[in-house]
Q: 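This is the structure, below, for whatever I ask next.
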Amino acid sequence: MSEEKKETQKIDFSNLSRLQLMEADACTRCGECVKWCPVYVFDKKEDITPRGKLRKLRKIINAQNSLLLKIFKPGSFLAKLFCPQPVSDAYIRNFARDLYECSTCRQCHFVCPSNIDTVELYEAIRRSIINAGYGPLDTQLGLVTSTKSYDNPWQQPRSHRAKWTRTAKKPGGSTRSRSC
Ligand code: SF4
Ligand code: SF4
């Protein structure tokens with residue numbers, strides 16, 4: 001199936017704090033986070049590592065917000081020479097998908113020598129890209145529809161919303177253990 005070429009949407013990153021913008025630039029590409037990311041163990045793609053995500057974030061911010069874009073006419077010889085290369089719609093869609101390949105466990109934050117608060121940063125970026133129309137992802141649409149229709153994400157009728165708690169029930173007791 002051929003992928004329809006779509007126009008790239010401008011992403012408003014103004015919800016990122018100054019500290020978060022500095023953090024995006026503070027990655028030294030040391031790779032410590034790559035050693036510890038539990039998701040990377042199962043899907044060895046550089047783009048889903050914190051290092052990869054921050055690299056792509058910087059590329060998108062530079063491509064869409066560089067001051068040089070205001071100086072040189074888009075598409076001109078000088079723009080091609082001096083301005084950051086534009087990013088395609090597909091590039092941003094892949095970035096959005098990679099952002100959600102993360103369990104938000106924070107392990108990368110704890111080991112990062114630059115002390116980047118990665119998960120807070122991912123959450124802020126997710127808000128920006130979804131507000132720009134790059135989400136929810138196809139894989140999330142079912143969850144959104146189910147939550148709107150049934151108030152739960154696992155497509156169960158409202159009367160079955162708490163069904164999952166049965167697996168946690170202890171014999172002869174409540175669903176929660178009171179022992180320490
Ligand atoms: S540990 Fe921190 S500085 Fe090193 S590559 Fe990962 S995000 Fe960048
Ligand atoms: S927060 Fe996400 S990127 Fe960081 S170590 Fe955990 S799964 Fe990997």
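Because only heavy atoms are used, hydrogens play no part in the values below, and waters and symmetry mates are left out as well, while side chains stay in. First listed ligand is number 1; within each ligand, the first listed atom is number 1.
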Q: For a distance under 2.8 Å, tell me if His109 has an N/O/S atom near atom 4 (Fe) of ligand 2.
A: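 It does not: His109 brings no N, O or S atom closer than 2.8 Å to atom 4 (Fe) of ligand 2.
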Q: Counting backbone and side-chain atoms alike, is an N, O or S atom of Cys102 positioned under 2.8 Å from atom 8 (Fe) of ligand 2?
A: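 Under 2.8 Å: Cys102 has no N, O or S contact with atom 8 (Fe) of ligand 2.
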Q: Ignoring hydrogens and angles, tell me if any N or O in the side chain of Gln20 forms a donor-acceptor pair with the backbone of Ser17 under 3.5 Å.
A: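 Yes; at least one donor-acceptor contact below 3.5 Å.
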Q: Without swapping roles, check the side chain of Lys6 against the backbone of Asp89 for a donor-acceptor pair under 3.5 Å.
A: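 Here the side-chain-to-backbone pair does not exist.
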Q: Considering only non-hydrogen protein atoms, determine which one is nearest to atom 6 (Fe) of ligand 2 and report residue, atom name and distance to 0.1 Å.
A: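 Closest protein heavy atom to atom 6 (Fe) of ligand 2: Cys105 SG, 2.3 Å.
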Q: Below 4.0 angstrom from a heavy atom of Cys33, which ligand 1 atoms are there? Numbered from 1 as shown, please.
A: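 Here the atoms of ligand 1 in question are 1 (S), 5 (S), 6 (Fe), 7 (S).
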Q: I'd like to know if Glu46 and Arg55 make a salt bridge, using a cut-off of under 4.0 Å between side-chain N and carboxylate O.
A: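 Here Glu46 does not pair with Arg55 in a salt bridge, since their nearest N and O are not under 4.0 Å apart.
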Q: Does atom NZ of Lys73 have more than 12 heavy-atom neighbours from other groups under 6.0 Å away?
A: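 Check fails, neighbour count at 12 or below.
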Q: By number and element, which atoms of ligand 1 are closer than 4.0 Å to a non-hydrogen atom of Arg29?
A: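 Reading through ligand 1 atom by atom, the close ones are 5 (S), 8 (Fe).
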Q: Please report which non-hydrogen protein atom sits nearest to atom 8 (Fe) of ligand 2, along with the residue it belongs to and the distance in Å to one decimal place.
A: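 Answer for atom 8 (Fe) of ligand 2: Cys37 SG, 2.4 Å.
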Q: Spell out, as yes or no, whether a donor-acceptor pair under 3.5 Å connects the side chain of Thr165 to the backbone of Ala162.
A: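 Such a contact is found between Thr165 side chain and Ala162 backbone.
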Q: Measuring from atom 3 (S) of ligand 2, which candidate in Trp36, Tyr100, Tyr122 has the nearest non-hydrogen atom?
A: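 That would be Tyr122.
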Q: What are the atoms of ligand 1, with element, lying closer than 4.0 Å to any heavy atom of Pro113?
A: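 So the atoms of ligand 1 that pass are 1 (S).
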Q: If the cut-off is 4.0 Å to any non-hydrogen atom of Thr28, which atoms of ligand 1 fall inside it?
A: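 By the 4.0 Å cutoff, the relevant atoms are 3 (S), 8 (Fe).
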Q: Which of the numbered atoms in ligand 2 are below 4.0 angstrom from a heavy atom of Lys53?
A: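 Ligand 2 atoms under the 4.0 Å threshold to Lys53: 3 (S).
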Q: When you measure from the heavy atoms of Tyr40 to every atom of ligand 2, does any distance fall below 4.0 Å?
A: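 No, that is not the case, since the closest heavy atom of the residue is not under 4.0 Å from the ligand.
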Q: Check step by step if salt bridge (Lys or Arg N to Asp or Glu O under 4.0 Å) holds for Asp43 and Lys45.
A: CA-CA 6 Å; Asp43 192 3; Lys45 288 187 303 193; 3.4 Å; yes
Q: Using a strict 4.0 Å cut-off to heavy atoms of Val39, name the atoms of ligand 2 that fall inside it.
A: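 Matching atoms, with element in brackets: 7 (S).
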Q: Find all atoms of ligand 2 within a distance of less than 4.0 Å from any non-hydrogen atom belonging to Pro50, and give their numbers and elements.
A: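 Close to Pro50: 3 (S).
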Q: Treating Glu23 as the side-chain partner and Asp117 as the backbone partner, does any N or O pair qualify as donor plus acceptor under 3.5 Å?
A: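 Yes; judged by distance alone, with no hydrogens or angles, the pair exists.
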Q: For Ser114, counting its heavy atoms only, list the atoms of ligand 1 lying under 4.0 Å from any of them.
A: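 Checking each atom against Ser114, I get 3 (S).
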Q: Under a 3.5 Å threshold, yes or no: a donor from one side chain and an acceptor from the other, between Asn15 and Ser128?
A: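 Indeed, the side chains of Asn15 and Ser128 share at least one donor-acceptor pair under 3.5 Å.
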Q: Just by distance, do the side chain of Gln155 and the backbone of Pro153 share a donor-acceptor pair under 3.5 Å?
A: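 Judged by distance alone, no pair lies under 3.5 Å.
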Q: Quick one: does ligand 2 sit under 4.0 Å from the side chain of Val119, the backbone, both or neither, non-hydrogen atoms only?
A: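 Side chain only.
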Q: Could you check whether any side-chain N or O of Arg51 sits under 3.5 Å from a backbone N or O of Cys27, counting only pairs where one atom can act as donor and the other as acceptor?
A: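 Not confirmed, Arg51 side chain does not pair with Cys27 backbone.
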Q: For atom 4 (Fe) of ligand 2, what is the closest protein heavy atom, and at what distance to 0.1 Å?
A: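 Protein heavy atom at minimum distance: Cys108 SG, 2.2 Å.
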Q: I'd like to check which ligand 2 atoms, numbered from 1 as shown, lie under 4.0 Å from a non-hydrogen atom of Ser103.
A: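 Per the distance check, 2 (Fe), 7 (S).
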Q: Side chain to side chain donor-acceptor pair (under 3.5 Å) between Thr147 and Asn152: does it pass, once the steps are laid out?
A: CA-CA 5 Å; Thr147 303; Asn152 69 73; over 6 Å; no
